[in-house]
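All remarks here apply to the structure that follows.
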Amino acid sequence: MLGLIFTTLVEMVEEKFSPEMADEIITEANFPHGGAYTAVGYYDFDEIVTMVTLLSQKTNIPPEELIRAFGTYLFEGFTETHAHLIDGKQSLFSVLVSLDNDIHQQVLKLYNEASLPSFRVLDQTENVLRLEYTSERHLEPLAVGLIEGAARFFGHDNLGIQQEKVSDNTTIFIVTI
Ligand code: HEM
């Protein structure tokens, strides 16, 4: 997983909890690299699971909730660090329909070893979009948080997200605005 994801998670923990909490987690996780993440490096996916598990134990907040909040935080970060990928987009749905063919394609050009999910548009009306998420990393809560972050960015207050599990690696998101 791309280092940027880890550096952003550490930043969120520092900001929303405390710098001490971030230090504690990194120390207890006892990673070989000592937690010195660089944004353009790549690290084991398991490390994010370890950090979220530790944070959940210390805060008594369920991991899913932490990952979802992180998704929203991450999207806010992307609007600054990767503004050019969102600049041309006029709406939440235009971001979501362009993930596979545009946004994440460009991410892959920037970071060749990024491990990205697939988002297939099943159907779309003015207010409802059905999006099929496939990933072996099972980051549904991250996707929900990212969608919520994007919805906030485009000024939606009445967002709804329903989930239907299709198979082990696939979930359909029904996004309503
Ligand atoms: C400018 C917008 C975006 C950028 C720059 C971006 C970039 C990235 C990057 C760098 C990763 C990590 C790849 C890795 O760790 O190797 C990632 C993963 C991911 N992205 Fe995006 N993304 C954007 C928007 C979105 C949005 C709106 C969604 C909402 C559905 C989304 C869903 C995900 C998910 C769920 C993952 C985790 C990997 C997985 O599930 O397998 N992304 N994205």
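The chain is numbered in sequence order, starting from 1. One-based numbering, in listed order, for ligands and for the atoms of each.
- Considering backbone and side-chain N/O of His82, none are found under 3.5 Å from N/O of ligand 1.
- Around atom 21 (Fe) of ligand 1, protein atoms of type N, O or S found under 2.8 Å number 1.
- By the criterion of a heavy-atom distance under 4.0 Å, the side chain of Leu142, and not its backbone, is placed next to ligand 1.
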* Go through the steps to decide whether Leu66 and Ser56 satisfy the test side chain to side chain contact (heavy atoms under 4.5 Å, CB included), and finish with yes or no. => CA-CA 7 Å; Leu66 291 167; Ser56 170; 3.8 Å; yes
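- Looking from atom 30 (C) of ligand 1 to the surrounding protein, the closest heavy atom is Phe119 CZ, 3.4 Å.
- The atoms of ligand 1 that sit less than 4.0 Å from any heavy atom of Tyr133 are 35 (C), 39 (C), 40 (O).
- Residue contact check for ligand 1: Ser115 places a non-hydrogen atom closer than 4.0 Å to it.
- Judged purely by atom type and a 3.5 angstrom limit, Ser18 has no side-chain atom pairing as donor or acceptor with the backbone of Glu14.
- Between His82 and Tyr111, the ring-plane angle classifies as tilted under the 30° and 60° cut-offs.
- With rounding to the nearest 0.5 angstrom, the CD1 atom of Ile103 is 10.0 Å from the NE2 atom of His84.
- By the ring pair (Phe, Tyr, Trp, His ring centres under 6.0 Å) test, His156 is found to be paired with no residue, residues two or more places apart in sequence or in another chain being considered.
- When each of His138, Glu132, Glu140 is checked for a side-chain hydrogen bond (donor to acceptor under 3.5 Å, both in side chains) with Thr171, only Glu140 meets the rule.
- Using modelled atom types, no side-chain atom of Thr170 and backbone atom of Ser167 make a donor-acceptor pair closer than 3.5 Å.
- A side-chain donor-acceptor contact under 3.5 Å links Lys165 to the backbone of Asp168.
- Counting the atoms of ligand 1 from 1 in the order shown, those under 4.0 Å from a heavy atom of Ile147 are 29 (C), 30 (C).
- More than 12 heavy atoms of other residues, nucleotides or ligands sit less than 6.0 Å from atom CZ of Arg137.
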Contacts table for residues 70-79: side-chain donor-acceptor under 3.5 angstrom, sequence neighbours left out:
from: Thr72; atom 1: OG1; to: Gly145; atom 2: O; distance (Å): 2.9
from: Tyr73; atom 1: OH; to: Glu11; atom 2: OE2; distance (Å): 2.9
from: Tyr73; atom 1: OH; to: Glu15; atom 2: OE1; distance (Å): 2.8
from: Glu76; atom 1: OE2; to: Arg152; atom 2: NH1; distance (Å): 3.1
from: Thr79; atom 1: OG1; to: Glu76; atom 2: O; distance (Å): 2.5

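- For Phe45, the heavy-atom gap to ligand 1 stays at 4.0 angstrom or more.
- Residue-level proximity to ligand 1 for Tyr42 is absent, since no heavy atom of it falls below 4.0 angstrom.
- Contacts with ligand 1 closer than 4.0 Å are made by heavy atoms of both the backbone and the side chain of Met1.
- The N/O atoms of Leu2, backbone and side chain alike, include one that comes under 3.5 Å of an N/O atom in ligand 1.
- When side chains are defined from C-beta on, Met21 counts as touching Thr59, because their heavy atoms get closer than 4.5 Å.
- For Phe119, the ring pair (Phe, Tyr, Trp, His ring centres under 6.0 Å) partners two or more places apart in sequence, or in a different chain, are Tyr133.
- Near Ile86, the atoms of ligand 1 lying under 4.0 angstrom from a non-hydrogen atom of the residue are 1 (C).
- Of all the heavy atoms of Ala114, the ones lying under 4.0 Å from any atom of ligand 1 are found in both the backbone and the side chain.
- Of the protein's non-hydrogen atoms, the one nearest atom 39 (C) of ligand 1 is Ser135 OG, 3.4 Å.
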